[in-house]
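Below is one structure; the comments refer to it alone.
For the numbers below, each heavy atom of this structure counts, side chains included, while hydrogens, waters and symmetry mates do not. First the proteins, then the strands, lettered A, B, ... as listed; each starts at 1.
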Amino acid sequence: MIAQLRVIIQRLGALLVILLVIAGCKGETDKQAVVEKDPSQPAFLQIGSFSVQHVSPSRTHVRDGAGRTLVLIERGTEPPKNVPATQIIRVPVQSVAAYGYFEVCVLRALGVLENTLVGVTTPANRWFIPEIKQGMKNGKIAFLGDSSKIDFERLEHQHPELVLTWDPAIIPMLDQLGIPCVVTTTPEAMCLNARMRFVQFLAPFFHKEQEADAFFARIRSALDDIRARTVTSTSKPKVMWGDVYEKRVLVEPGNAWVGELVGLAQSDYQFDDIFGTSCIEITLERFLYSGKDADILFTYRTIDSGATSKEALARMNPLIKDIAPLHTGRVYSPKPHYVQSGDRLDEILTEIAAILHPDVYPDFPLQFFNELPDTDPVLAQKENKDDDK
Amino acid sequence: MSAHFSLQCITMLYFLGFCVSFVTKRKPLLFWFVVPALLVHVYLIYLRYLAAWPLLPMYMSSLAVPMVLGIFWMFPQTSSVPFKQQILFQRLLLLFCLLWSGLSLCFPKDFYLPFLQSNTWLAHIFLLTGIIGKACLLCCAAWGIISLTCNTQDEKRICMTQSFNWSIWGFVFWTLSMFSGEVWSYLGWGTPVVWEDAVLTTTMAAWFYYGCYLHLHLTRSWKIGYRACFASFGLVILLFATLPDLGPLRSPF
Amino acid sequence: MTTATNTTTLENAVKSSPSTLSTLWKMAGSINLSIILLLLLTLDSLVGYFCLDRNPSLFRPMGDMGLMTWIDTYGRHNLAVTGWFFVLLALLFVLCCNTFVCTTDRTLRILRNRKQHSTARLLFRLAPHCMHYALLLILTGYLCSYLFSIVIPTQTLVIGSEYILPNQAGTIRFISFDPVTYNGERLYWLDGNVLSPKATLRLSTPHTEQEAVIGFNRPARFNGYSLHLKNFEPKTQGKMHRKTRIDLHVRKDPGVMLYLAGLILFSFGMVLYGCEWIFFREVSKK
């Protein structure tokens with residue numbers, strides 16, 4: 001029986017090797033064919049849940065966050081007949097409406113913000129990006145209304161060739177208007193690689209592949225620097241990123257870019273084992289358990305939403321008042337312009353690394369985060385006065 | 001009584017039961033450990049279901065498997081099995097109960113909230129048949145291990161018959177679990193396979209392994225000793241199948 | 001000379017072909033091969049666990065873009081993580097051949113000797129082969145599903161909007177959204193949130209019109225297509241909720257009937273085998 005088995009294993013092994021060789025040869029030939037078409041571009045690029053496939057020099061297929069396949073064709077070329085008109089995008093795109101800060105930051109990173117952006121869903125007074133402030137002032141960029149109540153007449157008036165959105169609810173209306181759109185949210189949180197490479201997803205829309213590659217190289221270099229510096233650090237802080245809203249606990253999962261960054265910067269991410277969407281909801285018990293021995297908490301709340309001090313956080317969420325970062329550790333909240341600074345991702349990553357390892361980044365000036373004091377400055381002053389009295 | 005404390009109690013009771021099983025061969029004495037453990041176990045699973053129903057409690061398999069094993073432990077053994085092997089089987093069941101409840105105590109994965117697609121009876125069948133199937137297959141592995149300790153061919157044959165019987169039931173429940181998962185996948189997502197959870201690969205692995213075991217037994221392709229080894233190795237496969245239910249290491253105290 | 005040699009070789013080949021074929025047939029249906037294959041499949045699936053774990057975005061697109069396109073994109077460009085899947089496909093293919101040959105062989109043998117058994121006994125003896133054929137049916141169904149399905153992965157509809165199926169096969173209009181909301185303390189995290197979404201669709205062709213309610217795990221069938229609810233908004237009751245929308249996953253899947261039939265056939269075979277095992281073998285033991 002053993003001899004029989006040996007013969008069968010040998011034959012199966014030979015069959016598998018032949019199959020693999022055939023598959024390998026075929027794959028190699030196909031790869032060569034694509035490279036001949038456009039040597040500078042990879043035939044297929046996966047960026048988290050997004051993908052870019054260069055089908056021919058004048059045609060690229062992209063898959064957006066909702067799993068829709070969009071076809072990018074060169075201006076002036078014949079559109080494919082079997083694809084709905086709203087899934088065909090003529091590139092380079094010349095005018096864009098963007099829903100979120102993230103999309104706007106990517107446009108800025110690609111260097112197309114000033115020339116292409118024509119509509120946003122945030123009013124002028126809440127922007128920190130000078131190009132947008134200026135564009136809104138001179139009327140080039142329009143406020144299209146709040147994201148839940150878009151003024152479609154205004155949108156149509158702006159003639160965007162593309163809408164970048166996180167809200168798929170506008171797709172039917174955009175289909176009626178004949179405006180293609182790209183959904184930028186995904187079922188899973190963006191990992192660090194996807195976050196760095198997202199510019200490479202949007203680059204083919206604007207023929208800005210080189211700029212995207214340069215941006216990616218910049219972020220990679222920042223990451224290399226972080227890795228090299230933090231490896232010498234003696235501390236290994238435990239970090240949590242999330243918050244509690246009434247009874248609902250939202251955290252960044254381990255597969256999110258922040259979780260991966262914390263791991264890369266020689267620190268322990270307390271929710272490393274959690275997998276899922278950004279701002280994933282978990283049980284309160286788990287949050288409190290992870291908070292028992294955490295050193296650093298990054299909260300989602302900004303000063304405007306009440307994150308003025310550790311005491312204020314504990315007051316807002318009595319459930320978390322006992323977690324370690326509120327007593328012995330540190331708590332950081334994002335500054336209001338943080339969400340509009342995605343094009344400075346290298347600086348953000350470095351700042352997070354500096355927060356985790358103050359020993360290797362001494363006197364690092366914080367630009368994107370605030371370290372929360374133990375008590376509110378105003379309250380503390382008042383208490384001091386009361387004490388004096 | 002908190003869930004964590006309940007699980008601590010259960011693990012402790014199984015541990016004591018396992019230790020005492022070396023001192024006494026009288027089953028009624030061990031009831032004093034197993035029955036309370038089972039009662040607490042039922043309470044714990046009731047708590048998990050209470051926090052999720054009508055949705056599916058997430059990653060509950062490793063928690064519920066020792067309960068089903070405990071229930072199996074209570075069943076009287078068939079008279080054809082020699083007393084020595086019966087004792088060994090009971091001891092091994094207690095060891096598996098201890099191992100699995102220890103795993104769910106040290107590696108809990110109870111922090112995910114249920115998802116809306118699990119609001120269907122198919123999801124519950126998927127979970128429950130999977131749990132029963134895994135417990136039966138563990139019994140099959142237990143008899144395989146016992147068979148390795150037997151001195152005579154007759155004893156070996158009896159143990160392997162027991163192992164085969166359990167494997168049949170395990171395979172049936174495991175298959176039912178897989179099938180209900182497939183129907184659920186079609187109704188819920190429209191696709192034959194849902195790639196979201198890697199549990200599908202370990203489930204598939206166990207199914208292939210026990211499919212292979214049944215073929216080995218029915219065709220008598222391998223000698224009884226080899227088959228006993230194969231059945232025993234099933235324990236490793238089932239431990240692999242438990243991996244998706246385990247979270248990070250937490251202190252049990 | 002060359003012609004003569006060729007003729008001899010051909011004759012030899014013809015002479016030897018029945019025995020070669022039968023050897024090949026025997027080899028293909030060998031139980032040892034089945035065992036090796038099942039073990040390799042076990043091993044491959046375990047390797048697959050480590051590749052698939054936390055990497056669903058690589059495999060998820062297969063459900064809507066089909067197997068061939070997936071192989072050409074995600075599969076081929078991530079061989080380190082997708083390699084196990086290719087091995088799985090190859091092993092399953094060989095297993096299917098092996099199962100078919102082995103089962104057909106034995107089924108024919110049983111049928112040839114059918115007069116020796118009663119009808120009930122014959123049925124019970126065929127039970128394992130029924131399961132084997134069912135497995136082939138399930139795997140063929142899966143393959144058809146991944147090769148020939150027409151899929152519209154996400155079609156978003158707001159109330160009043162329409163979607164026209166490919167080739168004008170019909171129109172889907174989203175009429176209303178009446179979710180069941182959970183209110184209570186037991187599931188505190190679900191308090192005020194939708195527990196069971198229910199969307200009413202009007203499905204019309206030039207000749208017919210009907211209404212269908214869809215929800216999670218409750219698809220609707222329309223003109224050969226199945227309509228699955230993939231996502232919806234709003235998920236929360238309250239003032240600040242988002243605009244009502246549903247995301248549909250529309251499929252025309254020729255494999256689904258095959259694999260559902262396979263599941264039923266396998267279950268039937270399993271019940272038959274169970275009956276034989278419990279009643280006949282236990283009785284014969286006694």
**Prompt:** When rounded to the nearest 0.5 angstrom, what is the spacing between CE in A/M190 and OG in C/S57?
**Reply:** 11.5 Å
**Asked** Could you state the interatomic distance from CG (A/N255) to CG (C/N55), rounded to the nearest 0.5 Å?
**Response** 10.5 Å
**Request:** Let me see the working for C/N193 and A/R248 under side-chain contact (heavy atoms from CB on, under 4.5 Å), right down to the final yes or no.
**Result:** CA-CA 12 Å; C/N193 286 10; A/R248 307 191 73 161; 3.2 Å; yes
**Request:** For atom CD of A/E153, decide whether the heavy atoms of other residues, nucleotides or ligands shown that lie under 6.0 angstrom number more than 12.
**Result:** no
**Request:** May I ask you to test the C/F174-A/P172 pair for a side-chain heavy-atom distance under 4.5 Å?
**Result:** no
**Message:** Are C/K243 and A/S148 packed together at the side-chain level, in the sense that at least one heavy-atom pair is separated by less than 4.5 angstrom?
**Reply:** no
**Asked** Could you state the interatomic distance from CG (C/L190) to CD (A/E281), rounded to the nearest 0.5 Å?
**Response** 9.0 Å
**Request:** Would you mind telling me which of C/P153, C/P61, C/S161 has the largest number of heavy-atom pairs within less than 4.5 Å of chain A?
**Result:** C/P61
**Asked** Given the rule in the side-chain contact (heavy atoms from CB on, under 4.5 Å) test, do A/R63 and C/M65 qualify, once you have shown the distances and angles that lead to the verdict?
**Response** CA-CA 10 Å; A/R63 189 182 160 93; C/M65 60 170 43; 4.1 Å; yes
**Request:** Could you tell me whether A/D167 and C/R245 make a salt bridge, using a distance below 4.0 angstrom between a side-chain N and a carboxylate O?
**Result:** yes
**Asked** Counting heavy-atom pairs under 4.5 Å to chain C, which of A/S49, A/G48, A/A66 comes out on top?
**Response** A/A66
**Message:** So for C/L79, is it side chain, backbone, both, or neither that comes closer than 4.5 Å to the heavy atoms of chain A?
**Reply:** neither
**Item:** Under 4.5 Å from a heavy atom of chain C, the part of A/Q176 involved
**Value:** neither
**Message:** With heavy-atom distances below 4.5 Å as the criterion, would you say the side chains of A/Q53 and C/Y74 are in contact?
**Reply:** no
**Item:** Region of A/P84 that comes under 4.5 Å of a non-hydrogen atom in chain C
**Value:** neither
**Fill in**
Minimal heavy-atom distance between C/R60 and A/P187, with the atoms involved, is NH1-CG, 3.8 Å
**Message:** Quick test of your reading of the model: are C/R54 and A/E188 salt-bridged, counting only N-O distances below 4.0 Å?
**Reply:** no
**Per-residue contact mode, C/P166 against chain A (heavy atom under 4.5 angstrom)** = neither
**Prompt:** Between A/Q46 and C/N78, what is the shortest heavy-atom contact and its length?
**Reply:** OE1-ND2, 3.8 Å
**Message:** If you compare all heavy atoms of C/Y188 against all heavy atoms of A/T283, which two are closest, and at what distance to 0.1 Å?
**Reply:** OH-CA, 4.3 Å
**Item:** Pairwise distance OG1(A/T69) to CG(C/D64) - rounded to 0.5 angstrom
**Value:** 7.0 Å
**Message:** As an exercise, state the distance from CG of C/L157 to CD1 of A/I171, rounded to the nearest 0.5 Å.
**Reply:** 10.0 Å
**Asked** CZ of C/F100: more than 12 outside heavy atoms within 6.0 angstrom?
**Response** no
